[in-house]
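Working notes, structure below.
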Number of protein chains: 2
Amino acid sequence: MAAEQLTIGDLAKATDTKVETIRYYERIALLPAPGRTRGNYRSYSPEQLGRLSFIRRARDLGFSLAQVRELLSLSDQRRRSCEAVDAIAREHLAGVDRKIADLAALRRELGSIISQCGHGTVAECRIIEALSPIPTVVHRKSGKPDLRC
Amino acid sequence: MAAEQLTIGDLAKATDTKVETIRYYERIALLPAPGRTRGNYRSYSPEQLGRLSFIRRARDLGFSLAQVRELLSLSDQRRRSCEAVDAIAREHLAGVDRKIADLAALRRELGSIISQCGHGTVAECRIIEALSPIPTVVHRKSGKPDLRC
DNA sequence: ATTGACCCTGTAGTTGCTACAGGGTCCATA
DNA sequence: TATGGACCCTGTAGCAACTACAGGGTCAAT
């Protein structure tokens with residue numbers, strides 16, 4: 001392989017990505033199909049390494065592949081205002097904030113359920129109990145049963 | 001349909017679950033196959049409603065289907081100690097804590113990247129820059145490129 | 001010549017649903 | 001009695017974002 005060129009394994013090591021994942025990115029056209037060697041091995045330029053690093057970094061930060069795709073296409077239009085880039089990042093940040101809030105609420109509830117466990121038998125277990133809301137079943141004369149927790 | 005029996009739609013409404021999801025739970029044997037009416041409609045007992053409620057509540061609390069399966073099988077052994085139940089719940093709680101910590105770290109990093117955006121052109125955009133660590137090329141044996149901004 | 005590490009394609013699995021397509025059933029109303 | 005609409009049935013395929021083979025080919029060193 002020529003001096004500057006890299007195998008898929010090199011790329012994988014450099015970016016801490018599985019070889020299969022790189023081929024997957026190629027299949028979904030996130031990475032352009034690289035050249036091939038005489039033996040039909042993929043042969044990457046350093047530029048492709050940069051592109052893959054970008055993708056992996058964005059993925060590590062929790063951007064979806066759709067967002068990554070958009071960021072990549074924006075980053076190619078160097079003279080444009082970076083407003084759209086900023087918007088994507090802010091939107092993602094808001095999503096992360098929502099997720100944190102949701103998990104915090106969940107954590108509180110889970111913690112309180114666990115704290116009630118008296119370590120007795122399953123029959124008396126408060127955890128199981130807390131997970132078993134019994135919905136009331138009300139059969140109405142003129143229609144479908146009305147059921148709620 | 002007999003007095004106490006419920007259709008799949010009743011169950012869906014009562015537990016805020018899609019009909020397809022209930023059939024999916026049956027397919028993966030999380031719910032037992034119910035009886036059928038003459039017209040081949042699924043016919044559920046209130047007991048099945050309780051089981052589905054349990055599943056949905058646990059899912060809402062972030063337990064995986066594998067964990068739900070385990071909790072369900074434990075909850076059937078009423079005379080056992082609830083140690084195992086407690087362990088699953090605690091393990092899940094620890095997982096939630098890890099996720100919160102990860103997201104908080106991500107949030108900090110994302111926030112700092114965004115704050116550096118000068119709102120100029122894409123060429124000068126710090127967000128894109130922060131996402132584009134240029135890895136050192138060539139065949140390295142150990143370590144990966146420094147992907148920090 | 002042989003080994004072993006690497007590469008190739010293609011397909012199927014993962015998790016937890018969700019969305020049809022193409023039919024059948026049930027019941028109230030005209 | 002016919003018909004319309006709401007509900008139900010099975011089966012299959014799709015989503016994200018990979019991951020894991022199977023069954024082979026290539027390459028460099030010994």
Side-chain angles (χ1 to χ4, degrees), chain A residues 1-2 5-31 33-44 48 52 54-72 92 95 99 140-145 147, chain B residues 1-2 5-31 33-44 48 52 54-72 92 95 99 139-141:
Chain A
M1 188 157 292
Q5 294 300 103
L6 304 160
T7 66
I8 197 169
D10 293 335
L11 236 68
K13 256 173 234 147
T15 60
D16 199 19
T17 307
K18 295 232 155 73
V19 164
E20 287 95 338
T21 303
I22 300 177
R23 288 198 281 246
Y24 167 71
Y25 288 161
E26 180 182 327
R27 209 162 57 245
I28 63 170
L30 210 57
L31 283 176
R36 298 289 179 126
T37 64
R38 251 191 356 275
N40 200 30
Y41 284 17
R42 285 172 180 80
S43 172
Y44 296 93
Q48 292 317 304
L52 179 55
F54 182 105
I55 295 169
R56 294 303 286 179
R57 173 84 176 120
R59 292 288 302 127
D60 279 352
L61 287 169
F63 289 91
S64 70
L65 286 185
Q67 286 175 316
V68 172
R69 212 184 280 277
E70 212 171 335
L71 286 172
L72 276 170
H92 179 47
K99 238 179 238 165
R140 276 180 288 157
K141 280 274 138 63
S142 62
K144 295 277 156 189
L147 308 151
Chain B
M1 187 158 297
Q5 295 300 104
L6 304 161
T7 66
I8 197 170
D10 294 335
L11 237 69
K13 256 175 233 144
T15 59
D16 199 20
T17 307
K18 294 232 154 74
V19 164
E20 286 95 338
T21 303
I22 300 177
R23 287 197 281 246
Y24 168 70
Y25 288 161
E26 180 182 328
R27 208 163 58 245
I28 63 170
L30 210 56
L31 282 176
R36 297 292 179 125
T37 64
R38 254 190 353 275
N40 200 31
Y41 283 17
R42 285 172 180 80
S43 173
Y44 296 93
Q48 292 318 305
L52 179 56
F54 182 105
I55 295 170
R56 295 304 286 181
R57 174 92 174 108
R59 292 288 302 128
D60 279 352
L61 286 169
F63 288 91
S64 71
L65 286 184
Q67 286 175 315
V68 172
R69 212 183 280 277
E70 214 170 336
L71 287 172
L72 276 170
H92 179 46
K99 237 180 240 166
H139 315 73
R140 58 239 319 295
K141 267 287 128 94

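We name chains A, B, ... by the order of the sequence lines, and we start the count at 1 in each one.
- Between A:R38 atom CZ and D:dG25 atom C1' the separation is 14 Å, expressed in whole Å.
- Atom CG of A:L31 is separated from atom P of D:dC18 by 12 Å (rounded to the nearest Å).
- Taking atom CZ of residue A:R56 and atom P of nucleotide D:dA17, one finds them 12 Å apart after rounding to whole Å.
- Residue B:R69 is out of contact with every strand shown, counting any heavy-atom pair closer than 4.0 Å.
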Whether each nucleotide of nucleotides 7-15 of chain C has a protein heavy atom under 4.0 Å at its base (B), only at its sugar-phosphate (S) or at neither (-) is summarised, 5' to 3', as SSB------

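- The interatomic distance linking B:Y25 (OH) with C:dG16 (P) rounds to 9 Å, in whole Å.
- Around CZ of A:R38, the count of heavy atoms belonging to other residues, nucleotides or ligands within 6.0 Å does not exceed 12.
- Interatomic distance, B:Y25 OH to B:L65 CG, rounded to the nearest 0.5 Å: 5.5 Å.
- Considering only the side chain of B:K13, D:dC7 comes nearest among D:dC7, C:dC17, D:dT19.
- Distance check, rounded to the nearest 0.5 Å: CG of B:L31 to CZ of B:F54 gives 12.0 Å.
- Within a 6.0 Å radius of CG in B:D60, more than 12 heavy atoms belonging to other residues, nucleotides or ligands are found.
- An OP1 or OP2 oxygen of D:dA17 is reached within less than 4.0 angstrom by no side-chain nitrogen or oxygen of A:T21.
- Residue B:K18 contributes atom NZ, which lies 14 Å from atom C1' of D:dC15 at whole-angstrom precision.
- Under the 3.5 Å distance criterion, with hydrogens and angles disregarded, a donor-acceptor pair is assigned to the side chains of A:T17 and A:R56.
- The only member of A:I22, A:L52, A:D10, A:T7 that meets side chain to side chain contact (heavy atoms under 4.5 Å, CB included) when paired with A:Y44 is A:I22.
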